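Throughout, a chain's letter reflects where its sequence line sits, starting with A, and its residues are numbered from 1. A quick note: this is a predicted structure, and the numbers were derived from the prediction, not measured. Values below: every heavy atom of this structure, side chains too, minus hydrogens, waters and symmetry copies.
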There are 2 protein chains.
Amino acid sequence: MGDSSSPDASGDRRPGRIGIGLALDSVHFKILDILRAQGRISVAALAQRVGISRANAYTRFEALRADGVISGFSARIDHARVGLEICALIFVTVRQELWQQFRNALARMPEVEYCAVTTGQHDAMIQIRVPDVAAVHRLVTDQLSTIPAVRATETVIILDEALRRPYVLPSGPDFTETTPATPPGSTGASQFGMTRFIRAAEGRAELRSSTVEDD
Amino acid sequence: MGDSSSPDASGDRRPGRIGIGLALDSVHFKILDILRAQGRISVAALAQRVGISRANAYTRFEALRADGVISGFSARIDHARVGLEICALIFVTVRQELWQQFRNALARMPEVEYCAVTTGQHDAMIQIRVPDVAAVHRLVTDQLSTIPAVRATETVIILDEALRRPYVLPSGPDFTETTPATPPGSTGASQFGMTRFIRAAEGRAELRSSTVEDD
DNA sequence: GTTGAAATTAGTACGAA
DNA sequence: TTCGTACTAATTTCAAC
């Protein structure tokens, strides 16, 4: 609240209102990016890395949590180290009148890591993690195919996970620069909510360093 | 080290050796499960919830991190709240001799959240997050299809994410019970590494409560 | 939105069981 | 190994600027 009239003339941190939640500025995005990579960093260290005061960092941190932008924190667990060596995708054709049954059944299967409802040839894609390939077959035949909501399945084994970057953030200049290097209208800045092009090289070059997954 | 001869007769916490790393027992799994749901919990609170001493919790926590079982911590970010409303899957047919080029190109695309090399009809599946559907089309035509390594693509829009449970842990009795309720050989316990069946109801009933994503 | 205090809590290093 | 305690260092909270 407070950025109603002219969002372009507000100076340095142009907040981009998204949906109905709080307006996020470049500092918020910097915080999110750090917290995405190092979820257990102290707020004090966070403040220092972002370049704001402790109190400010606490306020923003709390606001992000309260507003649901940050829904929580997770340890990243190495699946292989924990006995889940095999990952597979199962494409499912669902009887349209039994969707809720299908969802309920999935919720009861701990091997299911992800389920997306999709357009296209199939209705849903689920991703599972199991100890060995035999378990994939067992899961499909003994569990999935016995659900009445499931009409057909198609299984694909994942041979390698080339990229794993959970909780990506928007690309574009808004999201790494905090210093007043970019005057509002001069460069190819893209306000969130607007559909403006950014030259690919620009937005990406500065993003790269902050996308690494450490800690 | 110390559990070489008879892992069944060791009593309560039967460690299951996985790969070459440290042997994980049920306490480790309980720690992992809590840390998966509440990545920012203090070690003191963790110790209390697991039912071990603070010192022990520190030791195990450090061991899990040092051994790479826990590779880090992440904030869970609500994509919609951050302006990334659209999620899509793109199935890619890759020129087999140009795989490395393909990987390198993906690494430079911040919209790509995940890429898996798969068996089946296509060679890879990538998942992207962008602000709107137009951006999906732009990404496929302007970026992906201009990579020489990409022979063909097939795009599917995700209408709903029915389940999102990153970093799942193995199912089975080993992974929630800490109390000596289960004598080693009597029930359908499944040692990790062995391929033994567990009756579905057993392993899952007790798992359900600890799979919820809070904080 | 920032700085600088106090109060609380976290992390470490011992011995003892 | 694991536990319990004491010690040190850090973080969070709360005040005033």
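- Within a 6.0 Å radius of CD in B:Q48, no more than 12 heavy atoms belonging to other residues, nucleotides or ligands are found.
- The shortest side-chain heavy-atom distance between A:N104 and A:R108 falls under the 4.5 Å cut-off.
- Here C:dG11 is the nucleotide among C:dG11, C:dT2, D:dT2 with the atom lying nearest to any side-chain atom of B:V43.
- Looking at the side chain of A:N56, the nearest of the listed nucleotides C:dA13, C:dG1, D:dT11 is C:dG1.
- Between A:E62 and A:R65 there is no salt bridge, since no side-chain nitrogen of the basic residue lies less than 4.0 Å from a carboxylate oxygen of the acidic one.
- Protein atom NE2 of B:H28 is 11 Å distant from nucleotide atom C1' of D:dT1, rounded to whole Å.
- Atoms CD1 (A:I52) and C1' (C:dT2) sit 11 Å apart, rounded to a whole Å.
- In this structure, B:F61 atom CZ and C:dG11 atom P are separated by 8 Å, rounded to whole Å.
- Heavy atoms of A:A55 sit under 4.0 angstrom from at least one base atom.
- Residue B:S42 has a polar side-chain atom (N or O) positioned under 4.0 Å from OP1 or OP2 of C:dA10.
- Between B:R76 and A:S74, the side chains place a donor N or O and an acceptor N or O closer than 3.5 Å (distance only, hydrogens not considered).
- With respect to A:R36 and A:D33, a salt bridge is recorded, a charged nitrogen being found less than 4.0 Å from a carboxylate O.
- Counting to the nearest Å, the P atom of C:dA10 and the CD1 atom of B:I41 are 10 Å from each other.
- When the nucleotides C:dA10, D:dT2, C:dT3 are ranked by their closest atom to the side chain of A:S53, C:dT3 comes out on top.
- Residue B:Q48 contributes atom CD, which lies 14 Å from atom P of D:dC3 at whole-angstrom precision.
- For the OP1/OP2 pair of C:dG1 and a distance below 4.0 Å, the side-chain nitrogens and oxygens of A:R60 include at least one atom meeting the criterion.
- Per the geometry, OH belonging to A:Y58 stands 12 Å off C1' belonging to D:dC14, to the nearest Å.
- The nearest whole Å value for the distance from the CZ atom in A:R40 to the P atom in D:dT11 is 13 Å.
- Atom-to-atom, CD of B:E62 to P of C:dA10 comes out at 17 Å; the value is rounded to the nearest Å.
- For B:R54 against D:dG4, a side-chain-to-base donor-acceptor contact under 3.5 Å is absent.
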